[in-house]
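From a predicted model like this one, the values you see are computed outputs, not experimental measurements.
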Amino acid sequence: MKQASIGRNRGWLALSPLAVFVVLYLVTSIVAGDFYKVPISVAFLATSIYAIAISHGRLQRRINVFSRGAGSSQMMLMIWIFVLAGAFANSAKVMGSIDATVNLTLSLLPGQMMLAGLFLAACFISLSIGTSVGTIVALTPIAAGVATQTGASVPLLVAAVVGGSFFGDNLSFISDTTIIATQTQGCKLSDKFRVNSFIVVPAAIVVLAIYLFLGRGIASPNETAEVEWVKVLPYLVVLLTAVIGINVMVVLTMGILLTGIIGLLTGGFADAYVWMQAMGEGILGMGELIVITMLAGGLLEVIKHNGGIDFIISRLTCHISGKRGAELTIAALVSIVNLCTANNTVSIITVGGIAHQIGEKYGLDPRKCASLLDTFSCTVQGLIPYGAQLLMAAGLAAVNPVEILPSLCYPVVVGIGALLAILFRFPRRYSRP
């Protein structure tokens with residue numbers, strides 16, 4: 001009994017850095033009254049220092065353990081992808097691809113179906129550009145303007161945009177959540193896309209039907225800007241090449257080169273220096289995410305080295321009776337961490353390693369584990385009024401984020417769909433018996 005007690009005490013001590021991170025970030029954010037005023041990188045830094053301090057052994061050895069996790073091949077691969085994704089996303093934005101994509105989707109919207117059309121537009125744009133926030137920035141002003149012109153509810157139209165932005169963010173090959181979820185579970189982006197599609201596409205169809213009913217009588221804009229088709233091409237190429245299974249680093253490199261060629265030929269870039277500057281700004285824009293990834297990798301390696309990962313798996317899974325329980329545990333873990341951090345990317349980074357261990361212990365398909373991590377984190381992120389997406393949408397539309405929540409159908413429906421996928425072992429091909 002004494003040995004077991006010591007083991008439990010050491011296990012809780014090894015896990016204490018996670019508690020320190022949650023308390024530090026959550027409490028300071030509440031005190032500040034702003035969940036984005038306290039940098040997450042600072043919270044990770046303070047927690048990492050604490051984790052190293054409570055570890056046993058010489059200081060240099062403890063630092064080496066941390067550095068091994070921060071600089072692992074898995075972390076470096078994620079960072080490579082972040083760098084390429086940042087360069088592609090910003091160079092495409094500067095070249096005018098986002099505006100062209102918005103104009104294309106708006107020009108294709110059928111009359112008298114603006115609400116459902118905005119949802120579809122947000123789905124397509126977010127799937128193309130891989131960011132929910134970028135989609136919200138692009139479409140929310142349009143949604144708010146249409147609402148003002150037609151007398152429709154501003155929160156209702158904005159909710160359609162926010163919901164659609166999560167659809168693409170959850171599926172896109174260049175979304176940071178997709179990249180992290182697949183890398184931590186050791187599966188391909190294309191495989192995770194297929195699993196996710198079985199869950200989120202039916203949910204999107206249900207939401208589309210709801211918005212078709214709610215949006216009757218809301219007219220489309222009378223005029224839309226001319227579509228520059230060639231500028232949509234980089235997004236389409238990235239999407240199609242990724243779907244057929246080409247390596248994501250090759251896909252993003254092709255996208256960057258294509259963006260540069262089109263931008264130089266169409267005048268989107270005045271010269272090659274402007275293109276390179278756009279790429280550089282995009283890479284720098286990923287800086288905090290890269291730092292967070294390395295700090296989180298080092299922190300989790302220290303926790304693992306101290307026995308914390310084995311301890312939490314044994315505690316969380318001691319009452320699990322089968323694969324359903326294991327998948328529910330993964331879903332609960334990422335949801336709880338997302339509630340505390342208000343960041344779906346950070347929640348996947350934090351829980352990814354533990355989820356992989358649980359998946360290996362219970363023989364779960366890593367492709368479904370990656371899908372559950374991404375889906376449940378996006379579900380929670382879409383329902384917290386202090387998340388970046390709702391705060392951004394509310395700010396652009398000049399409404400309170402709480403006003404948007406009642407009309408935000410997509411996160412609720414996709415969360416229900418993901419839960420049913422666990423309970424009914426769906427899709428069958430990725431749910432091992």
Side-chain angles (χ1 to χ4, degrees), residues 39 41 70-71 73-104 124-139 165 168-169 172-180 182-183 189 225-244 246-295 345 388 392:
S41 55
S73 59
Q74 186 182 62
M75 291 297 115
M76 289 299 102
L77 179 58
M78 277 197 285
I79 289 171
W80 263 112
I81 295 172
F82 289 152
V83 169
L84 290 170
F88 169 71
N90 197 61
S91 58
K93 175 183 177 182
V94 173
M95 189 263 283
S97 289
I98 290 181
D99 291 338
T101 306
V102 170
N103 293 335
L104 171 62
F124 176 71
I125 292 171
S126 57
L127 184 63
S128 301
I129 68 177
T131 167
S132 53
V133 173
T135 303
I136 289 168
V137 170
L139 281 182
S165 74
D169 192 27
S172 176
F173 288 89
I174 59 174
S175 167
D176 50 5
T177 58
T178 293
I179 293 168
I180 294 169
T182 53
Q183 291 301 312
L189 292 165
E226 183 180 352
V227 178
E228 297 180 89
W229 290 87
V230 69
K231 292 186 177 181
V232 183
L233 190 59
Y235 290 140
L236 295 177
V237 169
V238 166
L239 179 61
L240 293 175
T241 53
V243 167
I244 63 178
I246 297 178
N247 182 280
V248 64
M249 296 180 70
V250 176
V251 168
L252 290 172
T253 302
M254 290 171 55
I256 292 170
L257 292 174
L258 187 58
T259 299
I261 293 170
I262 293 174
L264 291 171
L265 291 177
T266 61
F269 299 124
D271 51 44
Y273 296 106
V274 176
W275 174 36
M276 288 187 283
Q277 186 176 19
M279 286 191 287
E281 291 173 353
I283 294 170
L284 290 177
M286 304 296 282
E288 185 179 25
L289 182 57
I290 291 171
V291 170
I292 290 171
T293 299
M294 295 183 71
L295 289 173
T345 302
M392 179 68 72

Measure the [atom1]-[atom2] distance between [X] and [Y] for me, rounded to the nearest 0.5 Å.
X: Glu281; Y: Ser91; atom1: CD; atom2: OG; answer: 10.5 Å
X: Asp176; Y: Met286; atom1: CG; atom2: CE; answer: 6.0 Å
X: Leu233; Y: Ser97; atom1: CG; atom2: OG; answer: 9.0 Å
X: Trp80; Y: Leu252; atom1: CH2; atom2: CG; answer: 12.0 Å
X: Ile125; Y: Thr135; atom1: CD1; atom2: OG1; answer: 6.0 Å
X: Ile79; Y: Met294; atom1: CD1; atom2: CE; answer: 4.5 Å

Mind listing the closest non-hydrogen atom pair of [X] and [Y] along with its distance?
X: Pro39; Y: Glu288; answer: CB-OE2, 4.3 Å
X: Ala278; Y: Phe269; answer: CB-CE2, 4.2 Å
X: Ile283; Y: Ala87; answer: CG1-CB, 4.0 Å
X: Thr345; Y: Ile180; answer: CG2-CD1, 3.3 Å
X: Met95; Y: Pro234; answer: CE-CG, 3.9 Å
X: Ala272; Y: Leu264; answer: N-CD2, 3.7 Å

Which pairs pass salt bridge (charged side-chain N to carboxylate O under 4.0 Å, His left out) with one or both residues in residues 227-237, sequence neighbours excluded?
Glu228-Lys231
Side chains of [X] and [Y]: closer than 4.5 Å at any heavy-atom pair?
X: Trp275; Y: Ile256; result: yes
X: Thr293; Y: Phe82; result: yes
X: Gln183; Y: Ile81; result: yes
X: Ile290; Y: Val83; result: yes

Any donor-acceptor pair under 3.5 Å from Asp271 side chain to Val274 backbone
yes
Is a side-chain donor or acceptor of Ser165 paired with a backbone partner of Ser126 at a separation under 3.5 angstrom?
no
